[in-house]
Amino acid sequence: MHEDHYAPDTLAVHAGIDNCCCHAAVTPIYQTSTFGFSSAEHGAELFAGRGRGYIYTRMGNPTVEAVEKSVAALEGGSNALACGSGMAAIHTCLATLLKQGDHIICSETVYGPTLTLCKSILADFGIESTFVDTSDLAAVKAAIRPNTKVVYVETPANPTLVISDLAAISAIAHEHDAVVVVDNTFMSPLLQRPFDFGADYVVHSLTKFLNGHADVIGGMIIVRNEDQYRPMRRMLNHFGGVLPPMESFLVHRGIRTLHLRMQRHCQSAQRIAEWLADHSQVEWVRYPGLPDHPQYELAQRQMKGAGAVIAFEVKGGIEAGRAVMNAVRLWMLAVSLGGVESLIQHPASMTHASMGAEARRQGHVSDGLVRLSVGVEDVEDLIADLDRALHAAGRESTRVARGTHEHLVS
Ligand SMILES: *Cc1c(COP(=O)(O)O)cnc(C)c1O
């Protein structure tokens with residue numbers, strides 16, 4: 001198909017589909033590790049990078065290529081590389097772009113394992129990192145050094161939902177011959193296309209919205225041109241963190257309804273965010289679709305929708321947050337995001353419980369912070385369940401307060 005002419009919703013359905021020799025409606029799963037050569041000469045040609053055909057699935061497979069083409073088309077890139085996880089994509093990308101003695105500037109609020117990758121793993125290979133609030137352009141500028149090669153941005157950030165200005169950051173980086181890598185997982189290519197704002201590389205966790213059904217771990221690197229593609233493919237071939245054919249098939253199937261899912265995710269999240277903002281048990285709500293978001297204007301400019309993730313502060317701190325977690329029935333208590341099912345998480349009592357109150361404060365994780373990934377269920381069912389849980393938390397706070405009082409009286 002001539003992909004340049006179609007709108008994103010059409011690309012989501014059709015891009016990359018390889019009808020194969022028998023006009024199949026979807027790309028078949030080439031569940032094979034290796035491919036035969038038609039002759040010794042054919043094998044030699046393929047190894048020399050010429051001729052048509054496949055060699056070995058780590059180096060290329062039609063089912064994997066199909067999903068790569070799909071995501072490349074959606075992001076507006078020239079090529080994409082499917083990886084075994086989002087972290088495999090991030091690691092392969094950074095390892096290709098950085099070598100010993102180089103420096104990377106990274107958003108201070110990024111996906112936890114990305115922070116560890118830069119802070120300790122890349123550091124062991126002699127690569128320095130500086131973590132800054134990338135929503136503060138002066139801080140990004142100030143962090144640039146002569147050996148800065150990469151500016152790595154995640155926007156919106158998790159769980160603060162702070163937004164970084166991709167066009168302004170790309171301009172700063174390019175002025176200093178550094179490249180910009182954007183983790184676009186929270187938005188998907190349907191809500192934000194970093195290449196349109198000058199970014200150089202995009203990475204995704206396919207595990208989240210792109211697959212969308214909570215049944216695959218995968219990642220993707222998207223590049224703008226062939227010159228960027230070749231070294232990246234070489235690194236992936238040798239690091240070996242590729243996405244297998246079965247997973248590629250599932251992700252590609254998921255992408256065919258991405259536009260419908262994103263539409264519903266955004267609609268329901270907007271409704272829930274507005275409802276939460278008026279709730280008596282809620283201190284504050286952070287969602288890029290609410291006009292009181294500190295960067296609402298930038299969000300309107302850079303994003304085509306506000307996404308599925310909402311952060312809010314429940315009144316009553318850790319105890320109240322825990323009470324909400326234990327009272328929900330429809331919302332699933334789980335990490336991850338971007339699936340058809342709604343997930344709820346309370347960092348202070350779950351993912352960030354072991355790090356201590358002070359470290360949590362520094363990471364902008366307050367005691368009553370609850371993170372939602374709004375799925376595609378009926379929105380009124382989701383609201384009813386959350387309402388019941390918030391009132392249960394309110395009763396719990398009152399009981400704790402009264403309990404203390406009674407104890408003092410007796
Ligand atoms: C989940 C996630 C990742 C890591 O992806 P995996 O598939 O779990 O390796 C990276 N970045 C963001 C923003 C994520 O949400």
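None of these values were measured; they are calculated from a predicted model. Note: hydrogens, waters and symmetry copies are ignored here, and every other heavy atom, side chains too, is used. Just so you know, ligand 1 is whichever comes first in the structure, and atom 1 is the first atom listed for that ligand.
- In this structure, the protein non-hydrogen atom closest to atom 8 (O) of ligand 1 is Tyr111 OH, 3.7 Å.
- In this structure, a donor-acceptor pair under 3.5 Å is absent between the side chains of Thr114 and Glu154.
- With hydrogens left out, the protein atom closest to atom 12 (C) of ligand 1 is Asp183 OD2, 3.4 Å, a heavy atom.
- Put simply, OG on Ser70 and NE2 on His14 are 11.5 Å apart, with the number rounded to the nearest 0.5 Å.
- Ring centroid separation for the pair His279 and Phe312 does not come in under the 6.0 Å cut-off.
- Here's the thing with Glu154: none of its N/O atoms is less than 3.5 angstrom from an N/O atom of ligand 1.
- Here the protein heavy atom with the shortest distance to atom 7 (O) of ligand 1 is Thr207 OG1, 2.7 Å.
- Donor-acceptor pairing under 3.5 Å is recorded for the side chains of Glu274 and Gln270.
- The NE2 atom of His265 sits 9.5 Å away from atom CG of Leu191, with the distance rounded to the nearest 0.5 Å.
- Distance from atom 5 (O) of ligand 1 to its nearest protein heavy atom, with residue and atom name: Ser205 OG, 3.0 Å.
- Between His91 and Phe239, the ring centre distance stays below 6.0 Å.
- If you number the atoms of ligand 1 from 1 as listed, the ones under 4.0 Å from a heavy atom of Gly218 come out as 7 (O).
- Taking any N or O of Thr114, backbone or side chain, none lies under 3.5 Å from an N or O belonging to ligand 1.
- Among all protein heavy atoms, the one lying closest to atom 14 (C) of ligand 1 is Lys208 NZ, 3.0 Å.
- Backbone and side-chain nitrogen or oxygen atoms of Met87 are examined, and one is located within less than 3.5 angstrom of a nitrogen or oxygen of ligand 1.
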Could you please spell out the steps behind the salt bridge (charged side-chain N to carboxylate O under 4.0 Å, His left out) verdict for Arg286 and Glu313?
-> CA-CA 9 Å; Arg286 182 63 71 80; Glu313 181 80 11; over 6 Å; no
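- Ranking the protein heavy atoms by distance from atom 6 (P) of ligand 1 puts Gly86 N, 3.3 Å first.
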